[in-house]
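The structure displayed is predicted, hence computed values, not measured ones. The chains referred to below are lettered A, B, ... by the order of the sequence lines, with proteins before strands, and numbering in each begins at 1.
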Amino acid sequence: MNILTTLVEKTQEAITQLYGLSDTNISFEQTNSKFDGDLTFVVFPYLKHSKKRPEDTAKEIGDYIFNKMKAIKSFNVVKGFLNIEFSDDYWLNVLQSRIDHGIQIPEIGVNKKIVVEYSSPNTNKPLHLGHIRNNVLGFSICQIFDAVGYDVVKNNLVNDRGIHICKSMVAYEKWGNNETPQSAGLKGDHLIGKYYVMFDQYYQKEVKDLISKGVDKDEAKEKSSLMMETRNMLQKWENGDQEVFTLWTKLNNWVYEGFESTYNRLGVNFDKIYYESNTYLLGKEIVQEGLDSGIFFKKEDGSIWIDLTPEGLDEKIVQRSDGTSVYITQDIGTADLKYQEFKMDKFVYVVGNEQDYHFKVLQLILKRLGKSYADGLYHLSYGMVDLPEGKMKSREGTVVDADELMDKVVATAKKQTEELGKTDGMSSKELDELYEVLGLGALKYYLLKVDAKKRMMYDPKESIDFQGNTAPFIQYTYTRIASLLRAADKVNFSLPITFHSIEKELIKQLNAYPEVITSAANNYNPSEVANAIYDLAKTFNKFYHELTILGELDSNTRSFRISLSKTVGETIKHGFGLLGIQVPERM
RNA sequence: GCACUCGUAGUUCAACUGGAUAGAAUAUCGGAUUUCGGCUCCGAGGGUUAGGGGUUCGAAUCCUCUCGAGUGCACCA
């Protein structure tokens, strides 16, 4: 029996007995660390029924439950706050049970399937910092869902066709000289990115020239020969032109190879990959369906719309007058495809918050269409990553490249580790792995510790800082524990034991950990896990500093401390696993 | 112009979703090791939670206005 449920039960009983009030919504919160106690009950809401001062009301309720529960050691009252403290035995049993049964996570997702779409890159240029946030976030939330029992499908929808890739194709055809990733010594995605940039440069120049000849700006953009060639290329692609198709395949494959290595290094992967070139025609039957049932309507020019003004939004086009589909049509189609394929209970899109409106509309349309799965749609909307100088702008070359960034953090990890010189006896292969674990850990943690919904600042200097709220700090804590355990005998401790307040604090944090995971899952927010693990590491370091472990003379206490340390280490490793970050045994 | 999001120590972020004296990290300054890994630990200063008004036992959190920042409002994706 969970102590919290008993506590709620007894408190309800007290309130019924004392004030004749039943079926109230009793809730406890963690006691603020500045006060004594483990859990706190706030009595203010009950004052009008008790008709007594806050202090007296809290005292009354406290007396009642104190007499009914052995596990309560004491309670104290500050104003309207009833702080309850559990017995040491209770906390020791919590640790013992944790040691016996491992981390017990409430299985809130059991027998439920969830499809998480993340990453979803365009194949015209390499990944950048913003994509890293997306990937790391998407992967982590999948780990978290998995931990709470969901059947998770990691899904990527690759945006491999359209006008953007045609731009690279046109540029490559014109100026590429059959260059290959090998001949250029570039990753495939970087090579294609080079041509995309090249296209844009020539295109801008052409538009500028046209304008200087007196052509109107919009017209210049239309009339640019490069743009016309690109549209022509797209047309040919859609008509299945063999030559264009061959070129497209070649360039895209290079990009995939490049992405593959970036994904590998980042440690992310997918169970199901959709390619837009296969799915972009989907959704048209559904549009027809909606038109037949009167949910959509046709305008005079033949374009098809939905009226969302009753929901406070606008009219939204779902099919062009020429019969071709728009972005949202494809999304309707792929949502349906996902459902046909997976019959999922929930489906999540990890996409930046600039598309908030789009996903609101998508969900509304699916609801209007009567799709049973519409309620399961969730847009995990994350904020953009800013630089100290402001927004990342590809035009101004301030975009932080993913591969370069990873190189940089790993190099920093190497430098810092060498300065410390604690890695004697490790092979160069082991060292290289270690630098990856530390460098990428630092980067991922930096991105994950911030609430996913919020926009964040990426400060290059701070991200390679290894002190404070960082992955290396936590990894260091882990290696300390690992080192400790290498030197320790196998141990058991027995009750009772008297323990220090820091030890109790550690047990409380360990005890709260499973709830952190379910909360992170419910809020689609890995940062909750990151912050909990950080707090745990911080508390452990304090414990480690203030108390001796291996040198403790009382063998029962020593065993207890070793067991406690071991459990902390396991929890750090587990939490970091949920974030997609590894921990080293030595560093 | 309309819609949405945001504004918290110098800086980067927290605050259990309405609870107690708003916490960390970083930077600055000052301390700690004959002892298990000093990438550690302890301490100090630093805040009118952008500003005004309201709701109530109680507001960083909810409502409202003002100011400031960002995003979205394509027969682009």
Side-chain angles (χ1 to χ4, degrees), chain A residues 27-35 40 42-45 47-48 54 78-81 83 122 159 161-164 276 280 299 301-305 312-314 317-328 330-331 352-358 360 381 383-384 386 388 390-391 416-417 419-420 422 438 446 449-451 453-459 461-463 465-470 472-477 479-488 512 515-516 519 523 527-528 531-532 534-535 538 540-552 561-562 565 586-587:
Chain A
S27 74
F28 281 82
E29 42 197 277
Q30 298 284 328
T31 301
N32 187 308
S33 58
K34 281 170 292 200
F35 300 88
T40 295
V42 184
V43 304
F44 290 112
L47 296 184
K48 40 181 174 297
V78 182
K79 293 189 279 184
F81 298 91
N83 301 318
N122 289 346
N159 200 340
R161 53 128 248 143
I163 201 83
H164 56 271
E276 202 196 294
Y280 81 107
K299 291 197 175 174
D301 61 3
S303 56
I304 301 177
W305 297 72
L313 307 178
D314 302 324
I317 190 162
V318 292
Q319 194 174 99
R320 297 192 187 98
S321 51
D322 65 5
T324 57
S325 45
V326 293
Y327 180 40
I328 196 133
Q330 294 176 37
D331 269 354
N353 63 8
E354 68 271 12
Q355 297 203 36
D356 285 354
Y357 184 79
H358 172 77
K360 206 188 264 182
S381 160
M384 47 177 41
D386 289 321
K391 271 190 73 171
Q416 302 240 3
T417 306
E419 278 169 13
L420 275 168
K422 287 270 176 60
L438 295 177
Y446 185 86
K449 71 178 173 184
V450 181
D451 188 333
K453 290 186 289 297
K454 296 190 178 170
R455 63 184 301 149
M456 66 177 291
M457 167 81 83
Y458 176 81
D459 185 341
K461 285 197 294 292
E462 218 180 283
S463 72
D465 204 341
F466 286 3
Q467 265 119 39
N469 190 354
T470 65
F473 169 86
I474 296 166
Q475 287 165 323
Y476 174 75
T477 309
T479 57
R480 265 183 152 179
I481 294 170
S483 162
L484 197 70
L485 296 175
R486 265 179 250 129
E515 295 292 330
V516 170
S519 173
N523 296 327
S527 78
E528 294 182 28
N531 288 325
Y534 171 61
D535 284 337
K538 217 166 32 152
F540 180 82
N541 277 322
K542 196 170 181 169
F543 157 76
Y544 183 92
H545 192 262
E546 286 188 22
L547 302 172
T548 41
I549 300 166
L550 296 178
E552 167 60 39
R561 287 181 183 163
I562 291 169
S565 303
R586 297 178 56 192
M587 64 190 271

Heavy-atom pair with the smallest gap, counting every atom of Leu438(A) and Pro472(A): O-CG, 4.3 Å

Short side-chain N/O contact from Lys454(A) to OP1 or OP2 of A14(B), under 4.0 Å: yes

d(NZ, Lys34(A); C1', U21(B)) in whole Å: 5 Å

Between Arg455(A) and Asn353(A), a side-chain donor and acceptor under 3.5 Å: no

Whole-Å gap separating P (A3(B)) and OH (Tyr357(A)): 12 Å

Under 3.5 Å donor-acceptor pair, Thr40(A) side-chain atoms to A20(B) base atoms: yes

Asn159(A) side chain, from C-beta outward: closest of G19(B), C36(B), A77(B): A77(B)

Under-4.0 Å side-chain N/O to phosphate OP1/OP2 contact, Lys542(A) with C42(B): yes

Sugar-phosphate only, base, or nothing, as touched by Val326(A) at under 4.0 Å among non-hydrogen atoms: sugar-phosphate

Inter-nucleotide P distance (U64(B), C16(B)), Å rounded: 22 Å

Minimum-distance nucleotide (side-chain atoms of Lys79(A) versus A20(B), U35(B), G19(B)): A20(B)

Watson-Crick or G-U wobble partner of A32(B), both distances under 3.5 Å: U40(B)

Touch class at under 4.0 angstrom, heavy-atom based, for Lys538(A) against every strand present: sugar-phosphate

Closest approach of Ser463(A) to Tyr446(A) (non-hydrogen atoms, all atoms of both residues): CA-CD1, 3.7 Å

Sugar-phosphate, base or nothing in reach of Ser519(A), heavy atoms under 4.0 Å: nothing

Any Lys453(A) side-chain heavy atom under 4.5 Å of Ser381(A) side chain: no

Side chain of Asn523(A) (C-beta onward), nearest among C36(B), U17(B), A77(B): U17(B)

Sugar-phosphate, base or nothing in reach of Val42(A), heavy atoms under 4.0 Å: base

Polar pair under 3.5 Å, donor/acceptor by atom type, side chain Asn32(A), base A22(B): no

Sugar-phosphate only, base, or nothing, as touched by Asp386(A) at under 4.0 Å among non-hydrogen atoms: nothing

Whole-Å gap separating P (C42(B)) and CG (Asn541(A)): 9 Å

Leu550(A) or Tyr446(A), whichever maps to the more 5' nucleotide of RNA chain B: Tyr446(A)

Side chain of Met384(A) (C-beta onward), nearest among C16(B), U71(B), A22(B): U71(B)

Selected nucleotide, minimal atom distance to Tyr534(A) side chain, candidates G19(B), U71(B), A24(B): A24(B)

Arg455(A) CZ to G68(B) P, straight-line distance once rounded to whole Å: 17 Å

Mutual orientation of the aromatic rings belonging to Tyr327(A) and His358(A) [parallel < 30°, tilted 30-60°, perpendicular > 60°]: parallel

Sugar-phosphate only, base, or nothing, as touched by Gln467(A) at under 4.0 Å among non-hydrogen atoms: sugar-phosphate

Selection from U40(B), C39(B), G37(B) that lies nearest to any side-chain heavy atom of Leu420(A): C39(B)

Interatomic distance, Tyr544(A) OH vs C42(B) C1' [rounded to whole Å]: 17 Å

side-chain N/O Lys461(A) vs U26(B) OP1/OP2, d < 4.0 Å: no

Nearest heavy-atom neighbours spanning Asn541(A) and Thr477(A): ND2-OG1, 3.2 Å

Ring-on-base stacking G58(B) with Phe44(A) (under 5.5 Å, under 30°): no

Any strand: nucleotide that pairs with U21(B) via Watson-Crick or wobble, under 3.5 Å: none

Contact under 4.0 Å: Arg480(A) side-chain N or O vs G38(B) OP1/OP2: yes

Short side-chain N/O contact from Ser483(A) to OP1 or OP2 of G37(B), under 4.0 Å: yes

Rounded interatomic separation in angstrom, taking CG from Asp314(A) and C1' from C4(B): 12 Å

Partner nucleotide, any strand, of G47(B) [Watson-Crick/G-U, under 3.5 Å]: none

For A14(B), the Watson-Crick or wobble counterpart (both distances under 3.5 Å): none

Touch class at under 4.0 angstrom, heavy-atom based, for Glu276(A) against every strand present: sugar-phosphate

Sugar-phosphate, base or nothing in reach of Asp535(A), heavy atoms under 4.0 Å: nothing

Touch class at under 4.0 angstrom, heavy-atom based, for Asn83(A) against every strand present: base

Sugar-phosphate, base or nothing in reach of Leu547(A), heavy atoms under 4.0 Å: base

Within-4.5 Å side-chain heavy-atom neighbours: Thr470(A) and Tyr476(A): no

Closest-nucleotide ordering on RNA chain B, the 5'-leading residue of Val78(A) and Ala487(A): Val78(A)

Touch class at under 4.0 angstrom, heavy-atom based, for Thr417(A) against every strand present: base

Separation of atom CG in Asp451(A) from atom P in G23(B), rounded to whole Å: 20 Å

Touch class at under 4.0 angstrom, heavy-atom based, for Lys48(A) against every strand present: nothing

Sugar-phosphate, base or nothing in reach of Leu47(A), heavy atoms under 4.0 Å: nothing

Sugar-phosphate, base or nothing in reach of Met456(A), heavy atoms under 4.0 Å: sugar-phosphate

Anti or syn - U12(B), cut at 90° from 0: anti

Ile562(A) vs Leu484(A) side-chain heavy atoms within contact, under 4.5 Å: no

Nearest-nucleotide pick for Tyr476(A), side chain only, options being U21(B), U35(B), U40(B): U40(B)

Which nucleotide in G19(B), C39(B), A25(B) has an atom nearest any side-chain atom of Pro45(A): G19(B)

Atom-to-atom span, NZ of Lys422(A) to C1' of U40(B) - whole angstrom: 10 Å

Side chain of Thr548(A) - closest among A20(B), U26(B), C36(B): C36(B)

Shortest side-chain distance from Arg320(A), nucleotide among U40(B), C76(B), G19(B): C76(B)

Complementary nucleotide for A69(B) - Watson-Crick or wobble, under 3.5 Å: U5(B)

